[in-house]
K.L.:
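Below: one structure in structure tokens.
Proteins come first, then strands; the chains are lettered A, B, ... in the order of their sequence lines, and each starts at number 1. This is a predicted model, so every value here is computed, not measured.
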2 protein chains.
Amino acid sequence: MNTDQLNQHEALLVKNGLKKTGARLRVLDILSGSEAAASQPDIEHVVGKDIDRVTLYRILKTFEEKGIIHRIIDNQGTANYAFCHNNCSEHAHHDEHLHFNCVNCQKVYCIDNAHLPHFKLNLPPGFSLQQLSFVATGRCENCSKLTEQK
Amino acid sequence: MNTDQLNQHEALLVKNGLKKTGARLRVLDILSGSEAAASQPDIEHVVGKDIDRVTLYRILKTFEEKGIIHRIIDNQGTANYAFCHNNCSEHAHHDEHLHFNCVNCQKVYCIDNAHLPHFKLNLPPGFSLQQLSFVATGRCENCSKLTEQK
DNA sequence: TAAACAATTGCAACAAAATTGCGTTTATAT
DNA sequence: ATATAAACGCAATTTTGTTGCAATTGTTTA
Ligand SMILES: [Mn+2]
Ligand SMILES: [Mn+2]
Ligand SMILES: [Zn+2]
Ligand SMILES: [Zn+2]
């Protein structure tokens, strides 16, 4: 609904050589509007019949390949999607921040300022490291509140 | 096929109050025989029609609940299973080791002796931590060899 | 050793998640 | 305005996982 944001999203599509379509802008809008990563089922539920299931899958895949969003698999194996903050591109993702997966609501939060340590991993011979990811589990802010109230 | 191992597996079932059945022993045998974690599709493929799909799911679920095996979701969202080494039980899992997910063959390796650092995570207010897991991605030993040869 | 009984399994049906092929529509460049 | 590749919608299929129920089986006990 926000015009500034709409222009921003349109620019994002153009920058990545993607056509400006209603479906794509809709997905970008949904992702913008949620504090946590959006799960595939959630997105699908929100858009309803406005966007065909297959189209949605293709949009998410394209966005991921272009480095616009990144996919986070939660503890149940469900795909969640969030905007990339860093300089991710078609060639490589650089989303090396903490992901927090709530055990209660299952939401996945991207946490940028939990400063993660740098250290040497002691891998077995022959194993070469490309990326190390950190996944925290616990209760998110909302769900912690709910527990207190009981 | 190994008699020692068979007895060991039977004892494991008895210890956990589970009946000794062919299907369960078969699953334990498969898990024993693979250096990496076994994916659900792999196991299903290996057992073929010997074990009904539903039975397999139930066996894996039971084993996980009893603390016999733990589930690792890989980067594609596929469930992988491996024996628990530590003192996991019906009540809690303690599989806090590194998981290595190969980008080429997708296999998941449990790596016990990659000493992971202890440190304080800086979580946003209201977020409470239960567990932190480390997932490395890269090429496993086998797949590294394959690349060299080309 | 035979009966008893709960645990385990197999089958059928269903649901959700994801993919493929193909014909049609549409955004954009010329 | 037109051409064209990109994007989309629809149908069909595959994979993954679940539920209910009846039949079977492992173990306990008499
Ligand atoms: Mn993230
Ligand atoms: Mn493990
Ligand atoms: Zn939560
Ligand atoms: Zn590999």
K.L.:
Can you give the dot-bracket line for DNA chain C, using ( ) for pairs inside the strand, [ ] for pairs that cross earlier ones, | for pairs with another strand and . for unpaired bases, where Watson-Crick and G-U count if both distances are under 3.5 Å?
P.N.:
||||||||||||||||||||||||||||||
K.L.:
Strictly under 4.0 angstrom, non-hydrogen atoms only: write out the protein contact profile of nucleotides 22-30 of chain C, one letter per nucleotide from the 5' end, B, S or -.
P.N.:
-----BS--
K.L.:
Got a sec, which pairs hit ring-ring contact (aromatic ring centres under 6.0 Å, His included) with one end in residues 117-146 of chain A, sequence neighbours left out?
P.N.:
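Listed once each, the pairs are A:Phe127-B:Phe100, A:Phe127-B:Tyr109, A:Phe134-B:Phe134.
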K.L.:
Tell me who clusters with B:Ile73, hydrophobic residues only, linked when side chains sit under 4.5 Å apart either directly or through other members.
P.N.:
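Its cluster partners, ordered by chain and number, are A:Ile73.
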K.L.:
Using whole Å, what does the distance between atom C1' of nucleotide D:dA11 and atom CG of A:Asp52 come to?
P.N.:
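Going from A:Asp52 (CG) to D:dA11 (C1'), I get 10 Å.
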K.L.:
Quick one: A:Ile43 CD1 to C:dA17 C1', roughly how many Å, whole number?
P.N.:
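After rounding, the reported distance stands at 14 Å.
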K.L.:
Looking at side-chain heavy atoms only, is the closest gap between B:Leu13 and B:Leu25 below 4.5 Å?
P.N.:
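Yes - at least one pair of side-chain heavy atoms lies under 4.5 Å apart.
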K.L.:
Any side-chain heavy atom of B:Cys140 within less than 4.5 Å of one from B:Lys107?
P.N.:
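Not in contact.
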K.L.:
Would you check if A:Arg26 and A:Val46 make a side-chain contact, meaning some heavy-atom pair closer than 4.5 Å?
P.N.:
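Side chain of A:Arg26 against side chain of A:Val46, heavy atoms only: contact under 4.5 Å found.
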K.L.:
Determine whether A:Ile51 and A:Val27 satisfy the following criterion, side-chain contact (heavy atoms from CB on, under 4.5 Å), listing intermediate values before the conclusion.
P.N.:
CA-CA 9 Å; A:Ile51 306 177; A:Val27 172; 4.2 Å; yes
K.L.:
What integer distance in Å separates A:Leu25:CG from D:dC8:C1'?
P.N.:
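So the CG-C1' distance, A:Leu25 to D:dC8, works out to 15 Å.
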K.L.:
Detail all sub-3.5 Å separations between protein N/O atoms and N/O atoms belonging to nucleotides 15-18 of chain D.
P.N.:
from   : atom 1 : to      : atom 2 : distance (Å)
D:dG17 : OP2    : B:Gln40 : OE1    : 3.4
D:dG17 : OP2    : B:Tyr57 : OH     : 3.1
D:dG17 : N7     : B:Arg53 : NH2    : 2.4

K.L.:
When the distance from CD1 of B:Ile59 to C1' of D:dT25 is rounded to whole Å, what number comes out?
P.N.:
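B:Ile59 atom CD1 is separated from D:dT25 atom C1' by 14 Å.
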K.L.:
Atom NZ of A:Lys19 and atom OG1 of A:Thr62: how far apart are they, to the nearest 0.5 Å?
P.N.:
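Reported to 0.5 Å precision, the distance equals 12.5 Å.
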K.L.:
If I take atom CZ in residue A:Arg24 and atom P in nucleotide D:dG9, what distance separates them, rounded to the nearest angstrom?
P.N.:
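That distance rounds to 11 Å.
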K.L.:
Nearest whole angstrom, please: distance from the C1' of C:dT8 to the CG of B:Leu60.
P.N.:
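So the CG-C1' distance, B:Leu60 to C:dT8, works out to 15 Å.
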K.L.:
Measure the CD-CG distance between B:Gln5 and B:Leu12 for me, rounded to the nearest 0.5 Å.
P.N.:
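The CD atom of B:Gln5 sits 11.0 Å away from the CG atom of B:Leu12.
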K.L.:
Under the 4.5 Å side-chain heavy-atom rule for ILVMFWY, direct or indirect, which residues accompany B:Val103?
P.N.:
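Grouped by the 4.5 Å side-chain rule, B:Val103 forms a cluster of one, so the answer is none.
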K.L.:
Within a reach of under 6.0 Å around NE2 of A:His94, are more than 12 heavy atoms found that belong to other residues, nucleotides or ligands?
P.N.:
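Count over threshold, so yes.
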K.L.:
Which whole-number value in Å describes the distance from A:Tyr81 OH to C:dA17 C1'?
P.N.:
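Between C1' of C:dA17 and OH of A:Tyr81: 11 Å.
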K.L.:
Give the rounded distance in Å between these two atoms: NE2 of B:His45 and C1' of D:dT14.
P.N.:
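Atom NE2 in B:His45 sits about 15 Å away from atom C1' in D:dT14.
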K.L.:
Classify the ring geometry of A:His97 against A:His85: parallel below 30°, tilted from 30° to 60°, perpendicular beyond 60°.
P.N.:
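If you compare the ring of A:His97 with that of A:His85, the planes turn out tilted.
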